[in-house]
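Just so you know, these numbers use all the heavy atoms, side chains as well, and skip hydrogens, waters and symmetry mates.
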Amino acid sequence: MSKSKKDENKQPFKKVLLNNMFLIKLCFKASPALVIFPVLDAVRNQVSIFFEHTVCIGYVLEAAEFGYPFKKVAAAIILLFVCISIGMVFTVWVGDYVRAKEGPKVSKKIKLMLYDKAKELDLECYDNPDYYNEMVLAISEVDKQIDRCIQFLCNFFAGLATFITTGIYFMKKDGLSILFAVGSFLLTFFFMQAYNKLSYKIRVSRNPYERKRDYVKRVFYLPNCAKEMRLNPEVGDILYKDFDKANEEVAGVEKRYAGKHFLMSYVAKYIGNDFFCDVIYIAYLVLRATVWGSLYFSSVAILYNSFGRMKRGLRVFTDTYPFACETSLYVQKIRNFLEYEKKIVSTDGKEPDQCAKEVRVENLSFAYNKTGEMLLKDINLNIKPGEKIALVGYNGAGKTTFVKLLMRLYDPVGGRILMDGNDIKAYEVEKFRRSIGVVFQDFKIFAGTISENVVMDNLSGNEEEKVRDALSDSGLLKRVDKMENGTETYLTTETRDDGVDMSGGESQKLAISRVFYQDAGLMILDEPSSALDPIAEYQLNHAMLTATKDKTVIFISHRLSTTRIADRIIMLENGRVVEEGTHEELLERDGKYAGMWKVQAGAYM
C-alpha cells in the first residue's frame, strides 16, 4: 500500500468524531426518530439487564444465603417482570415500526444527495480511475454506513449506561475489581484498533478485484451482452478465466493478511477478554472469599457475572471507537464526494439566448491527461450563425472531443472558444449547455415513456404537440403512432413487462428527436445517421435541413453522403484542421477528404 494510503488510515480522534457526527446529523435531519428512539432503547435495555442480572439475582442469592422472607423476594421479582415486559414492548415498537418506517426515508434522502452530486461532477472525474473507484465505493457503502453510525450511537450510550450502573455496583462491593476490567480494556483496545484498521486495508485492497469479478458476473445476465455471448461462446471461456483470476486475487489478499489478522483477533478477543475474566479475575475472587473471607459467596457470583458487563461497558472505547474509526474512513469518502468542487464553473454568470450561434475557436488545444499527448492541437475555426458545418475525419481525429469542449464538458488546455462573441466560460454552465442541442454517438435510451425520452425533463402535460413535431422531424412519428399507447409507450423491458425495445435505427431517431424538441440555437449531431439505412438517412438529412434552417448545425459523420448537405466541411486529422471547404471544393483539391470520398463512393460504383 502506498504511503498516501497508509496516511489515510491514520485518523485523529477529532476526525473520527466529526466524520461520524457528519453522517449522524444527516440522519437526524432526515428522521430524528431513527436516531433518538434506538438510542433510548439501547440505554433502556442495558439498565434493564443491570437490574435483572445484577440487582435482582444478587438480591435472590443474598436472600437464599441469609434467609430473607419469600414474600419480599417474590414481590421484587414480579415488579422486575412487569418493568421488563413494558420495556420489551418499547423494543418491538422501535425495531418493527421506527426502523422499518424511518430507515428507508433516511437512505432515500442521503442517496438523493449523492445522486444530485453525481450529476454535478465534472466529466474528468469519470476519466480518473482512482476517483471513480472512490465514488463507486462512497455510493455503494452509504446504506451500510448509515446503519453503522446509528449502531455507533447505540453502542456508545449502551456502553456508557453499562459502565455507570455496573461501575457504581463495583465501587460499592469491590473497587479493586475495576482495575482488572481496566487491564482487560487496555489490551483489547489497542489490538482491536489495529484489527479494524487491517480489516479496512483488506477491504480496500480487495475492491478492484471484486469490481472485476462483479463485471464478469454482470456480463452473463445483462440483456445487451446476451447476443454476443451466444454468437461467440469462446468469450465465456475468457470471462471464466478472468473470474477465476479475480477470485484468486481476492483470495491472495485474504491470504496475505490472514496470519496478522488472526493474531490481532486472538489477542483482542481471547487474551484481553476470556483469559482475564475466566482465569485471573475468578482466581482473585476465590482468594478473597475463601482465604481472606472478605466477600460473601453471593457477592462473588454477582461480581463475576457483572465483570463481563463491566468489560462490555468499557468496550465503548475498545470495540466502539475502532468501529467508529472504520466507519469514519468510509464516511470520509462520502464527504470527499459531496464536498467536491466543480472546476467547470461560470466566470461571469451570463445567460445565453436561443438564437443561431456564432462560434469562434482560437488556438484550441486539449489533452484528457494534462501531462499526456494533445488530442487537439492549435485549432482555429469561425462558424457563422445559421451555418451548417460537417466535421469529418478518421477515428481518433478528435471530432467528439471537440464537441465535448464546445459543450463545456471539459475546459481546453490552451486557447479558447467564443460563442456570440463571449468566451463560453462566461456563461452560466447549466443554461449554456441547455442552449445547445446535442446527440452523441453513444446516446442512451432511458426506462421511461417516449415523451419523457424526448423531453428529458419532468412533463407538465403541455408537451404533446411539440413532442409529436420533434418525432415527425426525426422520421419516427409514424412508428410511434402504430404503438398502442403512442407517445406514452414505455421503453425498455428492464423495469416494465409491457415496455418496448426499439431497434438501433429507431433509438437513434428518438435521440435526434431530443435535439429537435430542444429547439436550440446550436445543434450538434454526432454520427446522426450511423444506424439508419440509406433511405432513412436521406429522409433524415432533408428533415434536418428543414427543421434547422435558421439554426447553426454541426454534423459529425463518417458517412460522407451526410456531409454533402453541409455549407462547409472541416476535416480533422491527428487533432488538427487539415482541410476546409465545400464538398465540391474539397473534391477538386483531390486531398485527404477526396481520398475518403473515393473510398466510400467506390463501394457503390
Would D147 and Q151 satisfy side-chain hydrogen bond (donor to acceptor under 3.5 Å, both in side chains), going step by step from the backbone distance to the final call? CA-CA 6 Å; D147 291 338; Q151 192 62 46; over 6 Å; no

Could you go through the salt bridge (charged side-chain N to carboxylate O under 4.0 Å, His left out) check for E326 and R148 one step at a time? CA-CA 10 Å; E326 185 178 347; R148 286 177 65 92; 3.8 Å; yes

Can you check side chain to side chain contact (heavy atoms under 4.5 Å, CB included) on K212 and K245, steps first, answer last?
CA-CA 9 Å; K212 291 179 183 178; K245 185 178 178 181; over 6 Å; no

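Side-chain contact between Y410 and L123: present, with at least one pair of heavy atoms (C-beta onward) separated by less than 4.5 Å. With contacts defined as side-chain heavy-atom distances shorter than 4.5 Å, the pair Y209/V253 qualifies. In this structure the side chain of I24 reaches within 4.5 angstrom of the side chain of M21, judged on heavy atoms. No side-chain heavy atom of T91 sits under 4.5 Å from any side-chain heavy atom of N45. With a 4.5 Å cut-off on side-chain heavy atoms, I450 and N453 do not count as touching. Side-chain contact check for L409 versus R433: some heavy-atom pair is nearer than 4.5 Å. Side-chain contact between C27 and I110: present, with at least one pair of heavy atoms (C-beta onward) separated by less than 4.5 Å. In this structure the side chain of E254 never reaches within 4.5 angstrom of the side chain of H261, judged on heavy atoms.
Atom CD of E484 has 12 or fewer neighbouring heavy atoms from other residues, nucleotides or ligands inside a 6.0 Å radius. Within a 6.0 Å sphere centred on OH of Y169, other residues, nucleotides and ligands contribute more than 12 heavy atoms. Other residues, nucleotides and ligands contribute more than 12 heavy atoms inside 6.0 Å of the OH atom of Y340.
By the 4.0 Å N-to-carboxylate-O rule, E124 lies close enough to K343 to be salt-bridged with it. Here E120 pairs with K117 in a salt bridge; the nearest charged N to carboxylate O distance falls below 4.0 Å. Salt-bridge annotation for R203 and E141: present, with a side-chain N of the basic residue lying under 4.0 Å from a carboxylate O of the acidic one. Between K217 and D214 there is a salt bridge, since at least one side-chain N of the basic residue sits less than 4.0 Å from a carboxylate O of the acidic one.
E488 contributes no side-chain N or O that, together with a main-chain N or O of T449, makes up a donor-acceptor pair within less than 3.5 Å. Of the possible donor and acceptor atoms, one in the side chain of T489 sits under 3.5 Å from a partner among the backbone N and O of G486.
The two residues P38 and A33 come nearest to each other via the heavy atoms CD-O, 3.4 Å. When every heavy atom of A158 is checked against every heavy atom of V43, the shortest pair comes out as N-CG2, 4.5 Å. The minimum heavy-atom distance linking V429 with S346 is given by the pair CG2-N, 3.7 Å. Taking all atoms of both residues into account, the shortest heavy-atom contact from T165 to F50 is O-CE1, 3.4 Å. The nearest pair of heavy atoms linking A447 to Y490 is O-OH, 3.1 Å.
To the nearest 0.5 Å, the span separating CE on M113 from NZ on K109 amounts to 8.5 Å. Atom CD1 of I146 and atom OG1 of T327 lie 12.0 Å apart (nearest 0.5 Å). Note that the CG atom of L26 and the CD1 atom of I334 stand 9.0 Å from one another [nearest 0.5 Å]. We find the CZ-CG distance between F28 and L34 to be 11.0 Å, quoted to the nearest 0.5 Å. Atom OG of S328 and atom CG of N196 lie 12.0 Å apart (nearest 0.5 Å). Interatomic distance, Q145 CD to N20 CG, rounded to the nearest 0.5 Å: 9.0 Å.
No donor-acceptor contact under 3.5 angstrom links the side chains of S205 and R256, judged on distance only.
For the ring-ring contact (aromatic ring centres under 6.0 Å, His included) with Y200, the lone residue among Y257, Y330, F323 that qualifies is Y330. Each of D244, N247, D242 was compared with R213 under the side chain to side chain donor-acceptor pair (under 3.5 Å) criterion, and only N247 meets it. Remark: of the listed residues T166, I164, L160, T166 is the sole one forming a side-chain contact (heavy atoms from CB on, under 4.5 Å) with T162. Of the listed residues (T492, D498, T493), just one forms a side chain to side chain donor-acceptor pair (under 3.5 Å) with R496, and that residue is D498.
The side chain to side chain donor-acceptor pair (under 3.5 Å) contacts involving residues 97-108 comprise S31-E102, Y97-K101, E102-K105, S107-D143, where partners must be two or more places apart or lie in separate chains.
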Which atom pairs, one a donor and one an acceptor, fall under 3.5 Å between side chains of residues 77-85 and the rest of the protein, sequence neighbours left out?
residue : atom : partner : partner atom : Å
S85     : OG   : F81     : O            : 2.9

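Classification of the Y240-F220 ring pair by plane angle, with boundaries at 30° and 60°, yields parallel. Aromatic ring pairs are classed by plane angle as parallel below 30°, tilted from 30° to 60° and perpendicular above 60°; the pair W93 and F37 is perpendicular.
Remark: R335 is positioned above the aromatic ring of F22, its terminal NZ or CZ atom under 6.0 angstrom from the ring centre and at most 45 degrees off the axis.
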